[in-house]
Colleague: 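Next up is a structure, given as structure tokens.
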Amino acid sequence: MTKNLINKYIWLITIVHKAGRQGITFNDIASKWLEKDATEYAKRTFHNHINAVYDLFGIEIKCIKGKNLNRYYISNSTDLNDNSGFKSWLLDALSLSCSTDVKEPLKKRILLEEVPSGRENFTDILEAMDNGKTLTFTYKPFWMDSNKESTLYNVEPYALKIFKRRWYLLAKYGDGPLKTYALDRMSNIDEEFTDFTPPDDFDAEEFFSTCFGIISDHKTEPEMIYLKVDDFQAKYLRSLPLHHSQKEVERTMDHTVFSYYLRPSFDFVQEILHHGETMEVLKPESLRTEIARIARVMAQKNS
């Protein structure tokens with residue numbers, strides 16, 4: 001699998017999705033491909049791409065048989081309209097770079113949020129996951145002394161997750177628990193010959209369901225958290241929730257109280273601090289105390 005091949009899959013998804021439920025003929029798809037790539041799009045290649053799109057992304061392109069021409073459409077297109085889903089994010093993030101309708105001058109006026117590093121490792125990891133193989137790589141986290149050498153890992157790759165413009169691999173190393181590794185801290189990635197398939201009952205979404213960000217310390221139990229937010233900031237949280245468990249439990253002219261069920265990790269503490277004086281922790285008391293402690297330290301450093 002190459003980056004160019006993945007781009008072809010994304011291009012096909014974008015073109016067929018744009019056609020809607022009425023579908024699009026293979027001839028029209030091939031014509032659009034000719035405009036894009038100046039090469040012939042063979043029908044056998046087209047069907048291979050349909051199979052790959054389903055295997056990799058779970059997006060099913062089906063055929064409506066007609067008297068004269070068959071038309072192709074995405075049968076599970078509702079998944080692409082789910083703003084919280086991977087498929088929707090995939091199109092949002094990549095379709096612009098693959099679309100023939102967006103000309104080069106217009107692309108310069110559309111600013112995307114870049115993932116600054118780690119992208120060169122993404123395809124290698126995705127390929128190993130697709131092939132059902134383990135991975136080896138050298139890894140050096142930010143907290144490690146710069147004079148120390150990177151550690152060599154041989155891991156079982158479970159899932160990929162993006163957070164705060166960084167890609168992370170959820171993997172198992174030896175007999176240890178599942179941990180996350182930042183792609184931009186990896187080097188010398190190599191696919192091994194050892195076969196690996198995640199357990200049938202593993203669900204990446206469920207694994208991170210009570211986590212905020214990528215810290216997956218399951219020793220910390222999830223709990224109910226209540227945040228009081230001023231009226232202005234509440235509008236942003238309604239349109240873009242902090243977490244899928246977010247619920248609005250109280251609303252007045254001046255503020256709104258949101259509840260969350262998650263593990264109060266370092267990532268979540270940083271998110272609360274990011275919102276500054278617009279947000280107040282009501283419960284639990286332990287989290288409220290921690291935020292107050294950090295605020296005092298910040299005040300002392302900036303006084």
Side-chain angles (χ1 to χ4, degrees), residues 1-132 159-162 165 167 183 191:
M1 185 194 305
T2 64
K3 295 177 182 178
N4 185 48
L5 194 55
I6 290 179
N7 281 340
K8 290 179 181 179
Y9 299 156
I10 302 302
W11 177 86
L12 178 60
I13 294 168
T14 306
I15 292 298
V16 179
H17 182 249
K18 187 184 296 184
R21 296 293 295 186
Q22 71 271 17
I24 183 172
T25 66
F26 168 75
N27 289 340
D28 286 341
I29 294 173
S31 177
K32 290 178 181 295
W33 178 256
L34 189 63
E35 294 175 10
K36 166 187 167 55
D37 201 62
T39 58
E40 181 183 356
Y41 195 26
K43 200 157 191 178
R44 181 176 180 179
T45 302
F46 167 65
H47 284 290
N48 287 339
H49 287 181
I50 287 178
N51 293 333
V53 161
Y54 181 75
D55 290 340
L56 284 175
F57 308 121
I59 296 175
E60 191 171 22
I61 298 177
K62 284 190 173 181
C63 175
I64 306 172
K65 295 190 178 295
K67 292 182 179 180
N68 300 316
L69 290 172
N70 296 333
R71 305 183 72 87
Y72 296 87
Y73 74 103
I74 295 177
S75 64
N76 54 345
S77 60
T78 53
D79 291 349
L80 298 175
N81 298 322
D82 176 7
N83 291 329
S84 64
F86 165 72
K87 302 180 187 73
S88 176
W89 172 87
L90 190 70
L91 289 182
D92 289 344
L94 300 176
S95 62
L96 277 176
S97 64
C98 303
S99 175
T100 58
D101 296 333
V102 181
K103 305 304 180 184
E104 196 60 36
L106 185 56
K107 285 185 178 180
K108 295 179 180 179
R109 295 161 57 190
I110 301 172
L111 306 180
L112 301 177
E113 189 170 19
E114 289 289 331
V115 176
S117 57
R119 69 179 66 179
E120 65 275 8
N121 297 328
F122 181 88
T123 305
D124 292 333
I125 294 173
L126 190 63
E127 183 172 2
M129 292 169 62
D130 183 44
N131 292 336
L160 284 162
K161 179 178 173 64
I162 193 170
R165 299 172 61 201
W167 277 106
L183 268 61
E191 180 181 310

Colleague: Of the non-hydrogen atoms in Glu191 and Ala128, which two are nearest, and what is the gap between them?
Modeller: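 Here Glu191 and Ala128 meet closest at OE1-CA, 3.5 Å.
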
Colleague: Quick check for you: to the nearest 0.5 Å, what is the distance between Ile64 atom CD1 and Asn70 atom CG?
Modeller: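 Rounded to the nearest 0.5 Å, the CD1-CG separation comes to 9.5 Å.
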
Colleague: With side-chain contact (heavy atoms from CB on, under 4.5 Å) as the criterion, how do Lys32 and Tyr41 come out once you've worked through the C-alpha distance, each side chain's angles and the decisive distance to 0.1 Å?
Modeller: CA-CA 9 Å; Lys32 290 178 181 295; Tyr41 195 26; over 6 Å; no

Colleague: After noting the C-alpha distance and the side-chain angles of Leu183 and Leu160, does the key distance pass the side-chain contact (heavy atoms from CB on, under 4.5 Å) rule?
Modeller: CA-CA 10 Å; Leu183 268 61; Leu160 284 162; 4.1 Å; yes

Colleague: Atom OH in Tyr54, atom OG in Ser75: separation rounded to 0.5 Å?
Modeller: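 Going from OH on Tyr54 over to OG on Ser75, the span is 8.5 Å.
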
Colleague: Kindly say whether Asn27 contributes a backbone atom to a donor-acceptor pair with the side chain of Ser31 at under 3.5 angstrom?
Modeller: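 Here the side-chain-to-backbone pair does not exist.
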
Colleague: Between atom CH2 of Trp11 and atom NE2 of His49, what is the distance when rounded to the nearest 0.5 Å?
Modeller: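 Trp11 CH2 to His49 NE2: 10.0 Å, rounded to 0.5 Å.
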
Colleague: Nearest 0.5 Å, please: how far is OH in Tyr72 from CZ in Phe46?
Modeller: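 One finds 5.0 Å between CZ of Phe46 and OH of Tyr72.
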
Colleague: For a side-chain contact (heavy atoms from CB on, under 4.5 Å) with His17, tell me which candidate from Ile74, Ile61, Leu12, Ile59 qualifies.
Modeller: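 Only one of Ile74, Ile61, Leu12, Ile59 forms a side-chain contact (heavy atoms from CB on, under 4.5 Å) with His17, namely Ile74.
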
Colleague: Give the minimum heavy-atom separation between Phe26 and Ala42, together with the two atoms involved.
Modeller: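 Taking Phe26 first and Ala42 second, the nearest heavy atoms are CZ-C, 4.0 Å.
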
Colleague: Which value, rounded to the nearest 0.5 Å, describes the distance between Ile13 atom CD1 and Ile10 atom CD1?
Modeller: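 Here the interatomic distance stands at 4.5 Å.
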
Colleague: Would you check if the side chain of Arg21 reaches a backbone N or O of Tyr73 as a donor-acceptor pair within less than 3.5 Å?
Modeller: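 Side chain of Arg21 to backbone of Tyr73, a donor-acceptor pair under 3.5 Å: no, none is there.
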
Colleague: For Ala19, which residues count as a side chain to side chain contact (heavy atoms under 4.5 Å, CB included) partner, sequence neighbours excluded?
Modeller: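 Partners of Ala19 under the side chain to side chain contact (heavy atoms under 4.5 Å, CB included) test: Ile24.
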
Colleague: Step through the shown structure and confirm whether more than 12 heavy atoms of other residues, nucleotides or ligands are within 6.0 Å of CD on Glu40.
Modeller: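 Check fails, neighbour count at 12 or below.
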
